[in-house]
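Take a look at the structure set out below.
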Amino acid sequence: MDFRKKREEDALRLLGAAQRALQLEIKRKQDLLDALNRSLLRRELLGEIPTGPNEFHVEQDFIGGTKQRIIQADHAISRAHRGVEKALRVYLLSRRQVRVLELLYDRDFAAYKHEARRRENREADDLNIMRRRLQEEVA
């Protein structure tokens, strides 16, 4: 049972790590989206003051690269979701195994307590019978 509980704790720890990885990927994508919005705003503001085409191309290249990184972040989020689902399945399986062992232990313990009560009652009855016989012999 201790081994199964240790495995359950390990699975829970892995589930937590997978969820942290997912949150990290989601935050990374959000940061990229924020950077994209700032870059789009900067590109729009380039038209207000006279600038050369190089600055526009640099900003446009940055926007294109950021969009590619956002797509990669989406893929990373999908992988992280799969990792969380896998870790959750492993945790639930280990939790179910621990629960089965706990139920078996509880059932066996209840049977042991019942048998112990029966044995104590039988011993008490034997003791009472022996006392009565002793009292009858004395009397």
Side-chain angles (χ1 to χ4, degrees):
M1 172 123 49
D2 291 337
F3 173 73
R4 299 285 171 116
K5 283 188 178 183
K6 175 80 170 109
R7 247 179 33 188
E8 178 191 3
E9 290 170 4
D10 291 343
L12 186 60
R13 213 175 349 271
L14 289 174
L15 177 61
Q19 288 175 334
R20 279 190 301 277
L22 175 62
Q23 291 303 317
L24 183 68
E25 292 298 333
I26 290 172
K27 183 183 179 329
R28 186 171 151 246
K29 181 183 176 188
Q30 187 59 44
D31 291 344
L32 287 170
L33 288 171
D34 292 343
L36 178 65
N37 287 335
R38 286 191 307 270
S39 181
L40 289 171
L41 184 62
R42 277 193 313 264
R43 185 183 68 182
E44 292 300 318
L45 294 176
L46 283 176
E48 292 181 1
I49 55 173
T51 56
N54 288 338
E55 291 150 3
F56 180 77
H57 285 298
V58 167
E59 199 65 46
Q60 192 62 31
D61 288 344
F62 180 78
I63 290 170
T66 303
K67 287 180 180 179
Q68 287 297 319
R69 287 191 299 276
I70 289 172
I71 291 170
Q72 291 170 353
D74 283 335
H75 293 305
I77 289 171
S78 296
R79 284 191 303 274
H81 268 295
R82 286 192 301 271
V84 167
E85 290 170 1
K86 181 180 176 185
L88 183 61
R89 281 193 304 271
V90 168
Y91 170 71
L92 290 176
L93 177 66
S94 64
R95 178 68 192 133
R96 193 174 312 126
Q97 289 173 348
V98 167
R99 185 68 183 135
V100 165
L101 287 178
E102 287 173 347
L103 289 174
L104 290 173
Y105 176 80
D106 290 345
R107 187 187 69 191
D108 290 347
F109 187 68
Y112 167 77
K113 283 175 44 179
H114 177 70
E115 187 60 36
R117 271 195 304 272
R118 280 187 44 206
R119 189 174 43 250
E120 287 173 4
N121 287 341
R122 193 176 321 125
E123 289 173 359
D125 288 344
D126 289 346
L127 206 69
N128 286 334
I129 290 172
M130 288 169 46
R131 272 192 206 139
R132 260 191 239 133
R133 283 184 187 164
L134 185 62
Q135 287 174 355
E136 288 174 1
E137 288 177 7
V138 172

Tell me every residue that passes side-chain hydrogen bond (donor to acceptor under 3.5 Å, both in side chains) with [X], counting only those two or more places apart in sequence or in another chain.
X   : result
D31 : K27
S94 : none
R89 : none
R28 : E25

Could you go through residues 107-129 and list every donor-acceptor pair under 3.5 Å that involves a side-chain atom there, pairing it with any protein atom two or more places apart or in another chain?
{"from": "E115", "atom 1": "OE1", "to": "R118", "atom 2": "NH1", "distance (Å)": "3.4"}
{"from": "N121", "atom 1": "ND2", "to": "R117", "atom 2": "O", "distance (Å)": "3.4"}
{"from": "N128", "atom 1": "ND2", "to": "A124", "atom 2": "O", "distance (Å)": "3.4"}

Each residue besides [X] in its hydrophobic cluster should be listed here, by chain and number; the cluster joins Ile, Leu, Val, Met, Phe, Trp and Tyr at side-chain heavy-atom distances under 4.5 Å.
X   : result
Y91 : L12, L15, L22, I26, I77, V84, L88, L92
V58 : none
L33 : L32, L36, L40, I63, I70

dist E8:CD -> L93:CG (nearest 0.5 Å) comes out at 11.0 Å
Separation of Q23 CD from R20 CZ (nearest 0.5 Å) =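 One gets 11.0 Å once the value is rounded to the nearest 0.5 Å.
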Salt bridge (charged side-chain N to carboxylate O under 4.0 Å, His left out) assessment of D10 paired with R13 = CA-CA 5 Å; D10 291 343; R13 213 175 349 271; 2.6 Å; yes
Hits for side-chain contact (heavy atoms from CB on, under 4.5 Å) against E102, two or more places apart or cross-chain, chain-then-number order -> M1, K5, R95, V98, R99
Residues that R82 engages under side-chain contact (heavy atoms from CB on, under 4.5 Å), provided they are two or more places apart | S78, R79
With sequence neighbours excluded, residues passing salt bridge (Lys or Arg N to Asp or Glu O under 4.0 Å) with K86 =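 K86 satisfies salt bridge (Lys or Arg N to Asp or Glu O under 4.0 Å) with no residue once adjacent residues are dropped.
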Which residue pairs pass the side chain to side chain donor-acceptor pair (under 3.5 Å) test with at least one member in residues 54-71, sequence neighbours excluded?
-> S39-E59, R42-E59, R43-Q60, T66-R69
